[in-house]
Protein chains: 2
Amino acid sequence: MSTGDSQEEAVDVLQQLGLKEYEAKCFVGLSRMSTGTAKQLSEITDVPRTRIYDAIRVLEAQGLVEVQHSSPQRFRAVPLSEATETLRGQYESRIDRLTDALERTEKVDSSDPSAVQEIWAMTGTEAIANRTHKLVADADEEIVLVIGDNSLLTDKLVSDLNGRADEVDLFIGTATEQLQHRVQEAIPDATTFVSGLEWLREEGTTEDETAIGRLLLVDRSMILVSTLATHTGDEHAIFGGGFQNGLIVISRRLLSQGLIPS
Amino acid sequence: MSTGDSQEEAVDVLQQLGLKEYEAKCFVGLSRMSTGTAKQLSEITDVPRTRIYDAIRVLEAQGLVEVQHSSPQRFRAVPLSEATETLRGQYESRIDRLTDALERTEKVDSSDPSAVQEIWAMTGTEAIANRTHKLVADADEEIVLVIGDNSLLTDKLVSDLNGRADEVDLFIGTATEQLQHRVQEAIPDATTFVSGLEWLREEGTTEDETAIGRLLLVDRSMILVSTLATHTGDEHAIFGGGFQNGLIVISRRLLSQGLIPS
DNA sequence: GTGTTTTGTGATTATCTGAGTGAAATTTCG
DNA sequence: CGAAATTTCACTCAGATAATCACAAAACAC
């Protein structure tokens, strides 16, 4: 079947969005026909016919399908645009409730002791990108950024950097000359360079090869380094802040390795 | 405990957003302290200490917490703004994938037979509001809208109606004179009136009293009527379209009941 | 160093949710 | 009225998740 994969993917995504298997299958099935009865639906979704009704009821309560109360009942999926709008509404209201509830929550002071050598790890391109944006936004004087993979040079990142260009010094390194030119055009105020990224390239078994993803140095006091698993695209980062002078050592080492020009 | 409810609500919402109980509790717990160890977390969240690690790993993979790989490990929640940004990103990408997949899906023609008397039901204020917006946007000549409860007169609805004011005739009815004045100010081009909404007020057992929510008549060819459960706020709607002349009967009846002025 | 506490991993059991199935009640139609 | 389809309901089974325990490794106190 040519569109079988698409269907499975749609069902998958709907389950990630919180629907049960039957509910997801029913919605996808209904999206394929203008209108349908329980029997028809059961045939193209291989959801047991006797369970169609439960699933539809939940979907109706979520505003994703309409029901014609005749005999036999007929079902119909809400137009996709309306459905996504409804789902978005759910999401927004949840975020709002979460924010409210968390703010009302009383904090407990864990009298954080000697915060000397703070190195934190995080995972996931999305989260790391967010953290990158925040660091860029909070920079006071200088941003040194090395991009290891051009997939990480998003539009948002470019515009964020341009937004800071007249307040802080920008140094942006890339893996290749082509990418350097692109960056130079996109962010004219930045000083760009090509970095010797062979540094730190780890070749494990051919299975888990990792390349350097980003290297971000903000005001010489915070650093973020991420690695990209070349096969899965998973991104892992370590992030350090609150150094008093430790990073000077690292900076010097990076300089000496030719990763950052003087 | 004064903020106990808030905490439970936060945990609840996080679970609705797809986290497991332990994960949600850990995130909320971490949000209450700047930084914490597994033991501290276990104490304030009553998640078994030995399960903290699993939960944190999942949270880290989702970009919701950072881990300091020392001994003992220390955990820290990502700032709320970053967390919601990350969650939003997940949501957006899921919606995109869903849209793509559904569009790629092959439709099956269910040669919809005699579509005579089509009455559909839907549930949920969110979904009904979306449908209302769509009907308003698609109107050609005339919109008759009766608002039974002022909570339904949202800003978006007002602006949508104003957007159509010079293309279609607007008749807007309300339950009270105060509300009528508000509407008249907000939508100056509309003809407003106070409607006798005692019509159709059903008093069941004191448990399930329902009031009329909205009544929308578009181009005399589509109708949407909703009821509001006064205690829970649940909104149920029936929606009819594709009539050739059936609605003329209904319109006449509504007129004769004084619900709509001539 | 040694004994004790804390930390982290893994295995195991109990509980709950959801998928899958069939019986029974209801309706439709000949 | 009887047969077929529709719809609801109750039940089983499997997999996921919560909860507990056992144990090794590390950190700490003395």
Side-chain angles (χ1 to χ4, degrees), chain A residues 7-8 11-12 14-30 33 35-62 65-76 110 113-114 116-117 119-121, chain B residues 7-8 11-12 14-30 33 35-62 65-76 110 113-114 116-117 119-121:
Chain A
Q7 281 188 61
E8 284 168 32
V11 171
D12 251 30
L14 281 169
Q15 286 190 267
Q16 289 173 12
L17 286 169
L19 300 193
K20 310 297 176 199
E21 183 182 335
Y22 286 171
E23 296 158 18
K25 282 184 177 171
C26 280
F27 183 80
V28 173
L30 275 181
M33 42 178 151
T35 197
T37 65
K39 186 177 185 186
Q40 295 172 309
L41 241 192
S42 163
E43 279 161 1
I44 71 166
T45 58
D46 59 270
V47 171
R49 185 167 44 90
T50 65
R51 299 299 303 282
I52 297 279
Y53 305 98
D54 311 53
I56 293 289
R57 227 168 281 151
V58 177
L59 289 172
E60 198 217 347
Q62 301 210 4
V65 309
E66 302 167 8
V67 178
Q68 184 176 352
H69 288 288
S70 53
S71 186
Q73 299 178 259
R74 298 189 75 79
F75 313 118
R76 158 163 94 179
S110 57
S114 58
V116 216
Q117 170 201 1
I119 296 283
W120 298 85
Chain B
Q7 281 188 61
E8 284 168 32
V11 171
D12 249 31
L14 282 168
Q15 286 189 266
Q16 289 173 15
L17 286 168
L19 300 194
K20 308 300 177 198
E21 185 183 336
Y22 285 171
E23 296 156 19
K25 283 182 176 172
C26 282
F27 183 80
V28 173
L30 276 182
M33 43 177 146
T35 196
T37 66
K39 187 178 186 189
Q40 294 172 312
L41 241 192
S42 163
E43 279 161 2
I44 70 166
T45 58
D46 59 88
V47 171
R49 188 187 56 84
T50 61
R51 292 284 67 115
I52 297 277
Y53 305 97
D54 310 57
I56 292 288
R57 226 168 282 154
V58 177
L59 288 173
E60 198 218 346
Q62 300 208 9
V65 310
E66 302 166 8
V67 178
Q68 184 177 351
H69 288 289
S70 52
S71 187
Q73 300 179 259
R74 298 189 75 78
F75 313 119
R76 155 162 97 179
S110 59
S114 57
V116 215
Q117 170 203 358
I119 297 282
W120 298 85

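The basis for the numbers below is simple: all heavy atoms, side chains too, and nothing from hydrogens, waters or symmetry mates. Just so we're on the same page: letters track the sequence lines, and every chain starts at 1.
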**Student:** Round to the nearest Å and state the distance from B:Arg74 atom CZ to C:dT7 atom C1'.
**Tutor:** 13 Å
**Student:** Identify the two heavy atoms, one from A:Ile52 and one from A:Cys26, that lie closest to each other, and give their separation to 0.1 Å.
**Tutor:**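 In this case the closest contact between A:Ile52 and A:Cys26 is CD1-SG, 3.8 Å.
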**Student:** Between B:Ser71 and D:dA27, is there a side-chain N or O to OP1/OP2 distance below 4.0 Å?
**Tutor:**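 Indeed, a polar side-chain atom of B:Ser71 lies that close.
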**Student:** What's the closest nucleotide to the B:Lys20 side chain, out of C:dT7, D:dA18, C:dA19?
**Tutor:** D:dA18
**Student:** Whole-Å distance between C:dT9 C1' and B:Ile56 CD1?
**Tutor:** 16 Å
**Student:** Classify the nucleic acid contact of A:Thr50 as base, sugar-phosphate or nothing, counting any heavy atom under 4.0 Å across all strands shown.
**Tutor:**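 Since a base atom lies under 4.0 Å of A:Thr50, the category is base.
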**Student:** Nearest whole Å is fine: how far is C:dT27 C1' from A:Lys39 NZ?
**Tutor:**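 A:Lys39 atom NZ is separated from C:dT27 atom C1' by 15 Å.
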**Student:** Given D:dT6, is OP1 or OP2 found less than 4.0 Å from the side-chain N or O atoms of A:Gln73?
**Tutor:**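 So the side chain of A:Gln73 is outside the cut-off, no N or O lying under 4.0 Å from OP1 or OP2 of D:dT6.
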**Student:** For A:Leu19 and C:dA19, what is the distance between atoms CG and P respectively, to the nearest whole Å?
**Tutor:**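 Taking CG of A:Leu19 and P of C:dA19, I get 11 Å after rounding.
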**Student:** Find the distance B:Tyr22:OH to D:dA19:P and express it as a whole number of Å.
**Tutor:** 4 Å
**Student:** Taking atom types as they are modelled, is there a donor-acceptor pair under 3.5 Å from the base of D:dT17 to the side chain of B:Arg51?
**Tutor:** no
**Student:** Classify B:Pro48 by what it touches in the nucleic acid, base, sugar-phosphate, or nothing, heavy-atom distance under 4.0 Å.
**Tutor:**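 Base, at least one base atom sits under 4.0 Å.
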**Student:** Between B:Arg57 and C:dT9, does any side-chain N or O lie under 4.0 Å from OP1 or OP2?
**Tutor:**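 Yes, because at least one side-chain N or O of B:Arg57 sits under 4.0 Å from OP1 or OP2 of C:dT9.
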**Student:** Please report the shortest heavy-atom distance between A:Thr35 and A:Gln40, naming the atom on each side.
**Tutor:** O-OE1, 4.2 Å
**Student:** C:dT17 P sits how many Å from A:Glu21 CD, rounded?
**Tutor:** 18 Å
**Student:** What integer distance in Å separates A:Ile52:CD1 from D:dT7:P?
**Tutor:** 11 Å
**Student:** Side-chain atoms of residues 53-60 of chain A: list all donor-acceptor pairs with protein atoms under 3.5 Å, sequence neighbours left out, distances to 0.1 Å.
**Tutor:**
from	atom 1	to	atom 2	distance (Å)
A:Glu60	OE2	B:Thr123	OG1	2.9

**Student:** Among B:Thr45, B:Val11, B:Leu14, which residue satisfies the side chain to side chain contact (heavy atoms under 4.5 Å, CB included) criterion with B:Phe27?
**Tutor:**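 Of B:Thr45, B:Val11, B:Leu14, side chain to side chain contact (heavy atoms under 4.5 Å, CB included) with B:Phe27 is met by B:Leu14 alone.
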**Student:** Please report the closest heavy-atom contact between A:Pro72 and A:Thr37, naming both atoms and the distance.
**Tutor:** CG-CG2, 4.3 Å
**Student:** Is the distance from OP1 or OP2 of C:dG8 to the nearest side-chain N or O of B:Tyr53 less than 4.0 Å?
**Tutor:** yes
**Student:** Provide, to the nearest angstrom, the distance between the CZ atom belonging to A:Arg49 and the C1' atom belonging to D:dC9.
**Tutor:** 15 Å
**Student:** Let me know, please, whether A:Gln15 or B:Phe75 comes out on the 5' side of the other along DNA chain C by nearest nucleotide.
**Tutor:**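 The residue whose closest nucleotide sits nearer the 5' end is B:Phe75.
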